[in-house]
Peer 1: 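Got a structure for you, written out below as structure tokens; questions coming shortly.
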Amino acid sequence: MDRTFFELQEILKEPGCFLCRLEEAHTRKFFETLFYEFVTDWGVRERIRSGGFCKTHAQKLFALRPSILGIGIVYQDLLHRYLLGETPQTESCLVCKDWKERHAHITHLLATRLEELAPFWGEETFVCLHHLAQFSEPLRTRLENATRKALERIARNLSSFLEKFDYHQSGLPIEPQEARSWQEAMEFFTGGLMGNKKS
Ligand SMILES: [Zn+2]
Ligand SMILES: [Zn+2]
């Protein structure tokens with residue numbers, strides 16, 4: 001049983017870029033576990049001290065704040081080391097490293113079991129431009145084709161949303177998929193979760 005495979009089945013049903021969702025959930029969980037272990041495990045502290053975090057993950061850490069005390073201690077360590085003349089190697093960001101491994105596993109599952117996953121692919125499920133660029137052929141084209149179908153639907157939803165928005169007085173109700181269509185379009189071009197979606 002592959003937990004990631006079942007996770008993919010679930011996440012593919014949700015509208016938006018499923019890789020953005022998986023990456024966001026991964027970062028959140030990684031920080032929670034890291035700072036939980038941080039209290040009891042000195043090895044973890046050493047691992048963080050060696051590199052700190054890249055800009056993206058430092059920003060995520062700032063926003064998520066799994067432990068103010070833990071973050072304070074990590075950055076105290078990094079400051080002391082810097083003052084002693086050590087430059088942090090941010091290319092060795094622990095979150096990036098861990099996501100890279102998970103991404104390789106997800107890629108393997110998509111490349112080998114896409115037919116099994118296809119029935120779970122939702123009507124507004126796509127891969128954003130940022131994540132598409134990380135796949136190589138022939139998987140990329142297969143994901144692009146599924147993405148195009150979703151984008152065509154999103155474009156239709158967006159058109160009817162704008163129509164109803166223009167003639168709001170007509171009293172036609174705006175459907176949820178129409179209301180989120182502009183956010184999905186933004187997410188496709190820039191990646192990252194938009195609006196009030198849950199990760
Ligand atoms: Zn994405
Ligand atoms: Zn990183």
Side-chain angles (χ1 to χ4, degrees), residues 4 7-35 37-38 44-66 70-71 74-75 77-78 87-111 114 117 120-136 139-151 153-154 180-199:
T4 306
E7 213 178 322
L8 272 171
Q9 287 184 338
E10 282 308 306
I11 216 137
L12 276 170
K13 296 175 194 161
E14 303 282 333
C17 173
F18 66 94
L19 282 148
C20 283
R21 283 173 178 280
L22 286 170
E23 192 169 351
E24 180 75 20
H26 168 268
T27 303
R28 192 179 293 266
K29 194 157 177 275
F30 187 89
F31 278 138
E32 274 168 15
T33 312
L34 189 75
F35 281 92
E37 287 173 354
F38 181 82
V44 171
R45 190 162 162 171
E46 275 306 308
R47 277 165 66 214
I48 307 174
R49 279 161 69 127
S50 63
F53 304 104
C54 68
K55 185 179 175 184
T56 305
H57 289 123
Q59 283 172 337
K60 289 271 181 211
L61 181 60
F62 184 78
L64 291 168
R65 302 177 187 204
I71 298 170
V74 165
Y75 280 88
D77 280 354
L78 289 168
T87 312
Q89 308 294 313
T90 45
E91 63 270 21
S92 61
C93 168
L94 290 180
V95 198
C96 283
K97 268 191 197 166
D98 204 69
W99 170 248
K100 214 173 162 188
E101 279 172 30
R102 186 145 160 76
H103 188 269
H105 183 51
I106 293 166
T107 303
H108 173 73
L109 287 175
L110 290 172
L114 196 58
L117 290 166
F120 298 90
W121 195 291
E123 291 184 336
E124 296 155 63
T125 303
F126 56 81
V127 181
C128 72
L129 280 177
H130 163 74
H131 281 120
L132 267 180
Q134 295 173 354
F135 293 102
S136 48
L139 180 59
R140 187 153 146 187
T141 300
R142 295 175 78 192
L143 294 173
E144 249 170 355
N145 290 341
T147 290
R148 285 192 81 84
K149 270 190 201 154
L151 292 180
R153 185 173 291 271
I154 290 164
R180 64 177 174 250
S181 58
W182 61 273
Q183 295 175 18
E184 288 169 349
M186 284 186 80
E187 187 178 317
F188 171 69
F189 288 106
T190 47
L193 290 173
M194 297 284 176
N196 53 6
K197 289 178 176 177
K198 50 190 198 304
S199 57

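Counting convention: from 1, in listed order, for ligands and their atoms alike. Not measured: the values here are computed from a predicted model.
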Peer 1: Salt bridge (Lys or Arg N to Asp or Glu O under 4.0 Å) for Glu23 and Arg102? Distances and angles first, verdict last.
Peer 2: CA-CA 9 Å; Glu23 192 169 351; Arg102 186 145 160 76; over 6 Å; no
Peer 1: Apply side chain to side chain contact (heavy atoms under 4.5 Å, CB included) to Thr147 and Phe188, showing your working.
Peer 2: CA-CA 9 Å; Thr147 290; Phe188 171 69; 3.8 Å; yes
Peer 1: What is the SG(Cys128)-the Zn ion (ligand 1)-SG(Cys20) angle, to the nearest 10 degrees?
Peer 2: 110°
Peer 1: Here's one to test your reading of the geometry: is the NZ or CZ of Arg28 within 45 degrees of the ring axis of Phe31 and under 6.0 Å from its centre?
Peer 2: no
Peer 1: Which value, rounded to 10°, describes the SG(Cys93)-the Zn ion (ligand 2)-ND1(His57) angle?
Peer 2: 110°
Peer 1: Measure across Pro15 and Arg180 and return the closest heavy-atom pair with its distance rounded to 0.1 Å.
Peer 2: CG-NE, 3.7 Å
Peer 1: To check your reading of the site, what angle at the Zn ion (ligand 1) do SG of Cys17 and ND1 of His131 form, to 10°?
Peer 2: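 Computed angle, vertex at the Zn ion (ligand 1), rounded to 10 degrees: 110°.
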